[in-house]
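Below is one structure; the comments refer to it alone.
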Amino acid sequence: MRVDVVGAGAVELPEGAVYADLVARLGAEQALAVAAGDQVLELFRPVTAASVRLLRFTDAKGRQVFRHTAAHVLAQAVKRLYPKAQLAIGPATDEGFFYDILFPEPISSADLAAIEAEMARVVAEDHPVSRQEISRQDALAWFTQAGEPFKVALIEALRDDAVITTYRQGEFTDLCRGPHLARTGLIKALRLTNVAGAYFQGNDQGPMLQRVYGTAFPSDDELERHFFLIEEAKRRDHRRLGPELDLFSFHDVAPGFAFWHPKGLALYEALVGFSRSLQQPLGYQEVSTPWIYKTELWQTSGHAAHFKDNMFLMEAEGEAFGVKPMNCPGHCLLFSETTRSYRELPLRIAEYGPLTRRERSGTLHGLLRVRGMHQDDTHTFLAPEQIEEVVAEALGLVDAIYEAFAMPIEIHFSTRPADRMGEEALWDRAEAALEGVLKEAGRPYVTDPGEGAFYGPKLDFVATDALGRRWQVATVQLDFQLPIRFDLHYIDRDGRQKTPVMVHHAIMGSLERFIGVLVEHFAGAFPLWLAPVQVRLLPISEAEHESAQGVRATLQAAGLRVELDGRNEKVGYRIRHAEKDKVPYVAVIGQREVEAGTLAVRERGGRDLGAMPVKDFVSELQHKVASRWLGPGHHAEESR
RNA sequence: GCUGACGUAGCUCAGUCGGUAGAGCACCUGCAUGGUAAGCAGGAGGUCCCCGGUUCGAUCCCGGGCGUCAGCUCCA
């Protein structure tokens, strides 16, 4: 029989061959499984497909097979050490794998070493993995007798016509749909990382299981690199760097709300300035609207029915109020203030003011998940035929902003959620319009069914940072509902009243979250245009203080953010501090510079630019700020 | 919100088997007036998260609360 192998041509195999034979014939030792269309098959399966693709660890699907088997090795080791432990589910994740287990007595992270050692034995024993198809009755009987109630529940939840399979390695058998590696011995490097709580099937009414996390690689080197990246992420953690760089802080009495220090606010203002510089030319008009409204408004908007659990509610003089979690209802009131003409559309409104959301306490996470935030929020009121134009414009904003930070963007199209309002026909129209714009622009995207907002479908944008981590940031939402609920109208060309459509968008999203992401993306070493302190002046001795103050005034007048470090310390000491504070430029002023009217400039990271006239320094920096230059030293800078 | 762990100086952390605490960095002062990542010496700084309980005595043990962290769920 002939099998086509993608990238390797056709291979002739004897009848009854398995995929492992195919791999051996090709000398492709690194292949972990094969893909035939959408199906991933183990190497021990008989060859049936006419065309296959080899899956290695470098393929996401190959990696998944590898780590899925690692999860089984974990389960096998656990059952050896804790025979009474009950297994739930154990999938691969992007970073590794986990297994949800109900232990007879809860274990702690101190127990992981023993489990890891037993896993190493399972790997060393190099068990072949095999697959069995099994009837529902047999499966139920087997797992009931084995004392695995979660497996029994999983089987009971399967559809009647489902093919039930088990996988066996050594003495261990697990309910599993696969696919798996052919042998446990392929898992050369693995480590358990932590243990945390998790509910069976996400049900917080059920028992709390323990989720044991780990990761696995084909070699020790790759495992080490993985943990190096994790360490690097820890060094960049905005919750550590933010307070260290004096950008922001949190206080126990205001959980989820940041204190913005002067330096953090400088960064914040630079970002808002950037947003304004892009949106104002497109016609966005900035407003400020109330932040507390009577419940009546939230009933009109639908927030009372769909978002109440995420709002801070209060009572005053016997009347119920809610603090705004979004600007849209206020902007709708603003729109309805006067009679609007089609000539005003699209009417673009922007607001950078505070929003408050009652996030559940356990979900708060530094700046990345807060209760008090500010968005680069806009609402555009438009005629239905303008949807494409306005959404395309928003796409342009997303591109402009994320390009400025060298962050690639991925688009997610989120469709109607279960908890929603409005007629299905309008949802059909809204979804078709959004998807149409993406297709028209030829942009790749993934569809997230059921992830839309309660008032409309949306485009969510996921940015990738310098460490390859992904962050949900921008959102563009289409909304046919609020204009109806607020009874909004405009007078069209034909003199008739018509209902506008709304587009909501926040390109940086929450500025809090965005700054948190940027701190980690840049490891706190911001490009010049964002840096809270752009230049630090460093007079060598007291004799140059007066001159340094003059230079400071000059730089400040030129719009640069400057600090003067005139402390009674040696130059080396103050340079060290400037580096730790990640200031882009240090300008040293000694006797020579005073006499020549120059500055001895040092770039962050250690590059000495030599002496240059103050004027030249100013104009060079102004140019770099205006062009939003990403330097100095942007990518993956080593922290020391 | 749920499960678990943690909460000591501005930061990172030590310590007290129950007798009210210490280091490094940061900060302040003095000496040294200095040339590109730590000069020398000294000083100040604490409600050991909060409230109760046990105890002659609690930062330490117990209970409750708050906060943080790791997850679950949710999300900009």
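Chain letters run A, B, ... following the sequence lines, proteins first, then strands; residues in each count from 1. All of these numbers come straight from a predicted model, not from anything done at the bench.
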Identify the pairs formed between an N or O of the protein and an N or O of nucleotides 40-42 of chain B at a distance under 3.5 Å, and give each distance.
none

Taking donor-acceptor contacts at under 3.5 Å, does the side chain of A:Arg604 reach the base of B:A37?
no
Suppose we define a pair by two distances each less than 3.5 Å, Watson-Crick or G-U wobble; what does [N] pair with here?
{"N": "B:A9", "answer": "none"}
{"N": "B:U36", "answer": "none"}
{"N": "B:G43", "answer": "B:C27"}

Roughly how many Å apart are B:A21 and B:U16, using the C1' atom of each and rounding to a whole number?
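8 Å, rounded to whole Å.
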Answer with base, sugar-phosphate or nothing: what part of the nucleic acid does [X] contact at a heavy-atom distance below 4.0 Å?
{"X": "A:His251", "value": "nothing"}
{"X": "A:Val588", "value": "base"}
{"X": "A:Gln591", "value": "base"}
{"X": "A:Glu593", "value": "base"}

May I ask you to decide if A:Pro539's main-chain N or O and A:Arg574's side chain share a donor-acceptor pair within less than 3.5 Å?
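Yes, A:Arg574 side chain to A:Pro539 backbone: donor-acceptor pair under 3.5 Å.
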Flag for A:Lys324-A:Thr289: side-chain donor and acceptor within less than 3.5 Å
yes
Under 3.5 Å, is there a donor on one side chain and an acceptor on the other for A:Glu410 and A:His412?
yes
A:Ile540, nearest nucleotide to its side chain (from B:A38, B:G35, B:U33):
B:G35
Review item, nucleotides 7-10 of chain B N/O atoms under 3.5 Å of protein N/O:
none

Candidate pair A:His251 and A:Phe257, rule ring-ring contact (aromatic ring centres under 6.0 Å, His included), full reasoning
CA-CA 8 Å; A:His251 195 286; A:Phe257 290 79; over 10 Å; no
Tell me whether the OP1 or OP2 atom of B:C27 has a side-chain N or O from A:Arg567 closer than 4.0 Å.
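For B:C27, OP1/OP2 do have a side-chain N/O of A:Arg567 under 4.0 Å.
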Would you mind building the protein contact string for nucleotides 69-76 of chain B? One character per nucleotide, 5' to 3', B for base within reach (heavy atoms under 4.0 Å), S for sugar-phosphate only, - for untouched.
SSBBBBBB
